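Report on the structure given below.
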2 protein chains.
Amino acid sequence: MRNVSQSTVRRLSVYVRVLEDLERRGGETVSSRGLADRAGTTSAQVRKDLSYFGSFGKRGLGYSVPELLKSLRAILGLDRAWGVAVVGAGRIGQALARYPDFADKGFDVRAVFDNDPQKIGQRWDDLEVLDVGDLPQVFRERQIEIVILATGAESAQSVANQVVACGVRAILNFAPVKLQVPAGVGLNNVNMVPELESLSFALTNPQATARGVSGASQEPS
Amino acid sequence: MRNVSQSTVRRLSVYVRVLEDLERRGGETVSSRGLADRAGTTSAQVRKDLSYFGSFGKRGLGYSVPELLKSLRAILGLDRAWGVAVVGAGRIGQALARYPDFADKGFDVRAVFDNDPQKIGQRWDDLEVLDVGDLPQVFRERQIEIVILATGAESAQSVANQVVACGVRAILNFAPVKLQVPAGVGLNNVNMVPELESLSFALTNPQATARGVSGASQEPS
DNA sequence: TGTATCTTGTGAAAACTTTCACGTGAAAGT
DNA sequence: ACTTTCACGTGAAAGTTTTCACAAGATACA
Ligand SMILES: NC(=O)c1ccc[n+]([C@@H]2O[C@H](COP(=O)([O-])OP(=O)(O)OC[C@H]3O[C@@H](n4cnc5c(N)ncnc54)[C@H](O)[C@@H]3O)[C@@H](O)[C@H]2O)c1
Ligand SMILES: NC(=O)c1ccc[n+]([C@@H]2O[C@H](COP(=O)([O-])OP(=O)(O)OC[C@H]3O[C@@H](n4cnc5c(N)ncnc54)[C@H](O)[C@@H]3O)[C@@H](O)[C@H]2O)c1
């Protein structure tokens, strides 16, 4: 398995979601076409994506829903729980720390940190906001592997440095800064402003945005 | 200007951010290289991106910071204010509605809606949570053009239908569902779980994630 | 004026991603 | 057993995006 593109990985996520849904409904098998329609892509794309990782289907029949789900979960590393910490207990940090979907998907938020004495000690559900000074110790104790960074932009780089120094190798960053992290550390950024700006562009330049979209299947019947 | 790719538009956003920063520091001109280094891309990419929209630089000299900023703002539609509404006054809706960066960038959150009587009437800063039943009237009065959709997944499609019926042609969706919208309506999705899953993949398959990244300039000196 | 230096704008090439199309194996029915 | 149908897996083709590389315009300075 070499050189799998980011878009493929993102689509695998979607396939997992679709397969979970099918399994819940009692579906036994699904074809690349069935998967594609529900995931919003094409059957060829589904087969190509899966082919990077092996052969999972039966010719003439399709894929076994539970088996493919199991395989994809293993590929994405979703067959285990991950220890997650949120740093920055502001509005977005709170929304994220208490977002139930994370735990459902195996991303256990095991700690929340802030450096504001007003915030430290607050209890949210079964989480307590901890002092960012205790971060190294707590990270070790609670086996934190993924950090959700939700401090203000000015502190983001320094927090990133700290958590990397603690051995964390994956950061989901919400602060609007381009973080510098050493090679080998995974970094994904979530930026809302560019999302709005891309909508602004689409509204301003309707002709440059012919993108079909919406509703119909991607391929001929 | 035909067929500008989504990635180009996203990068234009970044260039605007970098240029604003340069302008604040009093920078007069910048080269494609200077812009690229700060934006995390390459000089050729910068020039190519800009070339879709015209010629903005002076050979031998680079780009005038204020002029390029003005041009890019016009291209992205950021030389005006947009009327934004948040639907769904839950945790994430609240964080978004009160996020000061939106207003700074010309995205005016002019209304927040919910359907929960407990939520309706709450005041946040100078926003009041309104009844989603009043949505059509308020949208007309306050000239809402972009909707941030932050309800639970089950209501998302029905809210989308409502706001499209009110003439809204741009939606930023936070609910984890694939919304169906008519052609001509811009739709961007923000999904946190796939972001975490892609980190999980990177942690699980380090060899498939050789991506250099981080710190150094993208191009030779 | 001439020359040296800089950096744009852009075709062409390379790299990457998606789509096509078909050989092949598996199942079902006659 | 044979035929038909289905749908995977995969090379090859098509399409898209990024990178390369260079001609040409602009400035600076002797
Ligand atoms: N609110 C949103 O909807 C939203 C959306 C996208 C991105 N963001 C970004 O997320 C970040 C947080 O936004 P917010 O709205 O929650 O802001 P906020 O000010 O409410 O929260 C920031 C929190 O981080 C804490 N903090 C600051 N420095 C810290 C440090 N060194 N260590 C630990 N904690 C520290 C602060 O005490 C505060 O509680 C910002 O960078 C913002 O740009 C916010
Ligand atoms: N909390 C997070 O960090 C987070 C992150 C990413 C995505 N999301 C998604 O955003 C959405 C909201 O998440 P949340 O954590 O804020 O949940 P929440 O339950 O706190 O908020 C949802 C709000 O929407 C309101 N609502 C429901 N149906 C409505 C309708 N038809 N019209 C108007 N309002 C309606 C509810 O009354 C509630 O106030 C969910 O789809 C969630 O999956 C949340």
Side-chain angles (χ1 to χ4, degrees), chain A residues 1-12 14-15 19 22 27-65 67-68 71-72 208-213 217-221, chain B residues 1-12 14-15 19 22 27-65 67-68 71-72 208-213 217-221:
Chain A
M1 175 216 315
R2 78 291 169 204
N3 229 339
V4 179
S5 81
Q6 200 57 216
S7 358
T8 292
V9 175
R10 291 262 152 69
R11 281 191 299 267
L12 294 184
V14 179
Y15 303 155
L19 289 165
L22 287 170
E28 295 284 307
T29 62
V30 66
S31 66
S32 55
R33 176 67 108 80
L35 204 42
D37 284 351
R38 280 167 245 254
T41 180
T42 64
S43 55
Q45 184 76 77
V46 167
R47 296 197 298 277
K48 186 61 95 182
D49 285 339
L50 297 179
S51 77
Y52 293 124
F53 303 95
S55 283
F56 305 96
K58 280 206 179 56
R59 299 184 172 194
L61 196 62
Y63 304 89
S64 148
V65 170
E67 279 175 27
L68 183 55
S71 303
L72 290 186
T209 317
R211 206 169 336 305
V213 193
S217 165
Q218 245 48 32
E219 29 194 338
S221 349
Chain B
M1 174 215 317
R2 77 292 171 204
N3 228 336
V4 179
S5 79
Q6 200 57 216
S7 359
T8 291
V9 175
R10 290 263 153 68
R11 281 191 299 267
L12 293 184
V14 179
Y15 303 155
L19 288 165
L22 287 169
E28 295 284 308
T29 61
V30 67
S31 65
S32 55
R33 176 66 108 81
L35 205 42
D37 284 352
R38 281 167 244 254
T41 181
T42 65
S43 56
Q45 185 74 80
V46 168
R47 295 198 298 277
K48 189 59 100 182
D49 285 339
L50 298 179
S51 77
Y52 293 124
F53 303 95
S55 284
F56 304 97
K58 279 206 181 56
R59 298 183 171 194
L61 196 62
Y63 304 88
S64 149
V65 170
E67 278 174 29
L68 183 55
S71 304
L72 291 186
T209 316
R211 202 164 339 304
V213 193
S217 165
Q218 245 46 36
E219 26 193 339
S221 351

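Everything numeric here is computed off the predicted structure, so don't read it as measured data. Scope of the values below: all heavy atoms of this structure, side chains included, with no hydrogens, waters or symmetry mates. Numbered from 1 within each chain, the chains take letters A, B, ... in sequence-line order.
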Give the nucleotide from the list [options] with an atom nearest to the side chain of [X].
{"X": "B/S5", "options": "D/dC8, D/dT17, D/dC20", "answer": "D/dT17"}
{"X": "A/K48", "options": "C/dA12, C/dT19, C/dT8", "answer": "C/dT19"}
{"X": "A/S31", "options": "C/dT8, D/dC20, D/dA7", "answer": "D/dA7"}
{"X": "B/T42", "options": "C/dG9, D/dT19, D/dT27", "answer": "D/dT19"}

Just the rounded figure in Å: distance from [atom2] of [N] to [atom1] of [X].
{"X": "A/L35", "N": "D/dG9", "atom1": "CG", "atom2": "C1'", "result": "15 Å"}
{"X": "A/R11", "N": "C/dC16", "atom1": "CZ", "atom2": "C1'", "result": "12 Å"}
{"X": "A/R47", "N": "D/dG11", "atom1": "CZ", "atom2": "P", "result": "14 Å"}
{"X": "A/D37", "N": "D/dA7", "atom1": "CG", "atom2": "C1'", "result": "14 Å"}
{"X": "A/Y52", "N": "D/dG9", "atom1": "OH", "atom2": "P", "result": "14 Å"}
{"X": "A/Q6", "N": "D/dT17", "atom1": "CD", "atom2": "C1'", "result": "16 Å"}
{"X": "B/L50", "N": "D/dT17", "atom1": "CG", "atom2": "C1'", "result": "16 Å"}
{"X": "A/E28", "N": "C/dA27", "atom1": "CD", "atom2": "C1'", "result": "16 Å"}

side-chain N/O [X] vs [N] OP1/OP2, d < 4.0 Å:
{"X": "A/Y63", "N": "C/dA26", "result": "no"}
{"X": "B/S32", "N": "C/dT8", "result": "yes"}
{"X": "A/S51", "N": "D/dG9", "result": "no"}
{"X": "B/R33", "N": "C/dT8", "result": "no"}
{"X": "A/Q45", "N": "C/dT17", "result": "no"}

What heavy-atom pair brings [X] and [Y] nearest, and what distance separates the two atoms?
{"X": "A/V14", "Y": "A/A39", "result": "CG1-CB, 3.6 Å"}
{"X": "B/R47", "Y": "B/Y63", "result": "CG-OH, 3.7 Å"}
{"X": "A/L50", "Y": "A/F56", "result": "O-CE1, 3.5 Å"}
{"X": "A/T42", "Y": "A/A36", "result": "C-CB, 3.3 Å"}

**Study point:** Base C/dT7 to side chain B/R59, donor-acceptor N/O within 3.5 Å cut-off
**Key:** no
Revision key, fill the gap. Re C/dT30: Watson-Crick or G-U wobble partner, both distances kept under 3.5 Å, found to be D/dA1
Review point. Say you draw a straight line from CZ of A/R11 to OG of A/S5; how long is it, rounded to the nearest 0.5 Å?
Key: 6.0 Å
Review point. Of A/G60 and A/S55, whose closest DNA chain D nucleotide lies nearer the 5' terminus?
Key: A/G60
Check your understanding: Of A/S7 and A/L61, whose closest DNA chain C nucleotide lies nearer the 5' terminus?
Key -> A/S7
Check your understanding: Closest nucleotide of DNA chain C for B/V30 versus for A/K58: which of these residues is on the 5' side?
Key -> B/V30
Review point. Knowing that exactly one of A/V46, A/V65, A/T41 qualifies, which makes a side-chain contact (heavy atoms from CB on, under 4.5 Å) with A/L35?
Key: A/V46
